[in-house]
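Worksheet: one structure, shown below.
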Amino acid sequence: MEGEIIPSEIRRMMVRQHYKIVGNHSAVKLCSWTKKSIRGEGVCYKQKFYPEFVQSHRCLQMSPSACWCCNRCIMCWRSIEKTLGNTMDGIELDEPKDIIKGAISAQKTLLNGYPGWDKTDMKKWKEAQTPTSAAISLIGEPTAYPRISELIEEFHKNKINTFLGTNGQFPERLDGMTEPNQFYISVDAADKKTCKLVDRPAFPDFWERLNKSLELMNSFKCRKVIRLTLVKGMNMIDPEGYAKLIKKAGEPLVEVKAYMHIGESQKRLPRSAMPSHDEVKEFGSRIAKILGYELSGEQAASRVVLLKAS
């Protein structure tokens, strides 16, 4: 299905960037780690940290809200200037089952060229045709899609594990939502002023929305993760403030990750804004000490460390 709501200019740009548009408003793109796994070049940190849920070669990276987001984060590698709106209000919404069917079909199309490569692991390639996990966080804000709860339910009916990542700006969608297997909230600053600088939010009550989402996260029974994306010179400050926000969600895992100087973000930030793995590890260790957490995992290639309650 070819998108109709997304303008042709944006569709062409997304196709050049190797996205496949699904239906009216969804998108799929092969993760670089899916490609590497099929070529025998390693696996993503998610498989390393959460092997019971993720196999890199069988992960579907998708979004039901390809061009809609209520933040314009300065470190986003996407073309945020092409964002179509802060919400999906008034848009003709596709059915969750149709989104999933189209997304799996798009993934298969994107995988078509691999059997011709010498390095392709054909066993993995064949397995990749049937995804076992979905990272619902590719582009846009997935909870802007009003039927996100139904989408998660439909993935589970298809025996596909779900990783939902959100910026916490739609707490009303989280209240009573069908729980994913793993639930992420991005916390990009320890205070309101820095959050406004880094996330460039559209909603005037963005800070209240984020805090409400963190409080709701505390009630979730699934695995919960707070994601910190560190931008050197901007938000690598106040570990005590981060710890205070993290505590609102209970005792979630914490992924502390470097901003990566890739994609469209290169037009907004200098390469020096990308912290080294050692800098990420040091800042994460400071937060862990305040929380009484331990550093339980790391992957230098992705500049990420995992913190968990001791």
Side-chain angles (χ1 to χ4, degrees), residues 29-51 53-57 59 61 73-78 133 135 137-138 163 165 167 182 184-190 194-195 197-199 223-243 245-246 249 251-310:
K29 186 176 184 179
L30 283 183
C31 175
S32 61
W33 287 105
T34 297
K35 301 174 190 177
K36 287 181 179 181
S37 181
I38 290 172
R39 297 194 299 258
E41 297 172 355
V43 297
C44 72
Y45 72 88
K46 287 189 178 73
Q47 179 171 335
K48 184 176 179 181
F49 293 169
Y50 320 112
F53 286 154
V54 180
Q55 292 177 289
S56 295
H57 68 292
C59 191
Q61 186 179 230
C73 300
I74 196 167
M75 68 285 197
C76 185
W77 52 268
R78 305 159 183 88
S133 63
S137 59
L138 169 63
F163 282 61
N167 58 25
Q182 191 151 313
Y184 284 82
I185 293 181
S186 293
V187 176
D188 297 325
T194 307
C195 187
L197 177 69
V198 174
D199 285 350
R223 178 180 284 154
K224 300 171 288 190
V225 187
I226 299 294
R227 161 74 66 79
L228 312 183
T229 300
L230 302 182
V231 184
K232 196 171 179 179
M234 294 192 75
N235 64 357
M236 291 182 70
I237 54 174
D238 192 10
E240 293 84 3
Y242 279 112
L245 290 172
I246 291 164
E251 286 192 342
L253 297 169
V254 182
E255 289 180 6
V256 186
K257 192 176 187 306
Y259 150 69
M260 303 302 280
H261 193 242
I262 58 174
E264 294 291 311
S265 76
Q266 296 173 84
K267 298 176 182 177
R268 306 181 215 109
L269 290 167
R271 188 170 182 81
S272 59
M274 182 172 60
S276 68
H277 180 67
D278 286 342
E279 288 170 327
V280 169
K281 188 173 180 179
E282 191 276 333
F283 192 77
S285 296
R286 291 167 65 189
I287 295 172
K289 184 176 181 180
I290 296 164
L291 290 170
Y293 277 32
E294 63 183 8
L295 195 153
S296 67
E298 61 182 298
Q299 181 158 303
S302 298
R303 306 189 188 199
V304 61
V305 298
L306 179 67
L307 315 178
K308 73 173 184 178
S310 301

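These numbers were taken from a predicted model, which means no experiment stands behind them. Counting begins at 1 with the first residue of the sequence.
Between Asp188 atom CG and Leu245 atom CG the span is 11.0 Å, to the nearest 0.5 Å. Atom CD1 of Ile226 sits about 11.0 Å away from atom CD1 of Ile287, to the nearest 0.5 Å.
A distance-only check finds a donor-acceptor pair linking the side chain of His261 to the backbone of Leu269 [under 3.5 Å]. Arg78 places a side-chain N or O within 3.5 Å of a backbone atom of Leu138 that can act as its donor or acceptor partner. One N or O on the side chain of Lys48 and one on the backbone of Glu298 form a donor-acceptor pair closer than 3.5 Å. At least one donor-acceptor pair closer than 3.5 Å links the side chain of Thr34 to the backbone N or O of Ser56. Panel note: side chain Arg303, backbone Pro275; a donor-acceptor pair is recorded below 3.5 Å.
Pairing each heavy atom of Trp77 with each of Ile262, the nearest pair is CB-O, 3.6 Å. Smallest separation of non-hydrogen atoms from Lys232 and Glu279: NZ-OE2, 2.7 Å. Closest of all the heavy-atom pairs between Ser133 and Phe53 is CB-O, 3.5 Å.
Below 30°, between 30° and 60°, or above 60°: for Phe163 and Tyr50 the angle between ring planes is between 30° and 60°, a tilted geometry.
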Q: Please report the C-alpha distance between Glu41 and Arg39 in whole Å, then the side-chain angles of each, then the deciding distance to 0.1 Å, and finally whether the salt bridge (charged side-chain N to carboxylate O under 4.0 Å, His left out) criterion is met.
A: CA-CA 6 Å; Glu41 297 172 355; Arg39 297 194 299 258; 3.2 Å; yes
Q) Ser265 and Ile74: side chain to side chain contact (heavy atoms under 4.5 Å, CB included), yes or no, with the steps? A) CA-CA 7 Å; Ser265 76; Ile74 196 167; over 6 Å; no
**Q.** side chain to side chain contact (heavy atoms under 4.5 Å, CB included) between Leu307 and Glu294, intermediate numbers included
**A.** CA-CA 6 Å; Leu307 315 178; Glu294 63 183 8; over 6 Å; no
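For the 3.5 Å distance criterion, the side chains of Tyr242 and Glu240 fail to qualify, holding no donor opposite an acceptor. Checked by atom type, the side-chain pair Glu251/Tyr293 shows no donor-acceptor distance below 3.5 Å.
Atom NZ of Lys308 has 12 or fewer heavy atoms from other residues, nucleotides or ligands within 6.0 Å.
Partners of Asn235 under the side-chain hydrogen bond (donor to acceptor under 3.5 Å, both in side chains) rule, at least two apart in sequence or in another chain, do not exist in this structure.
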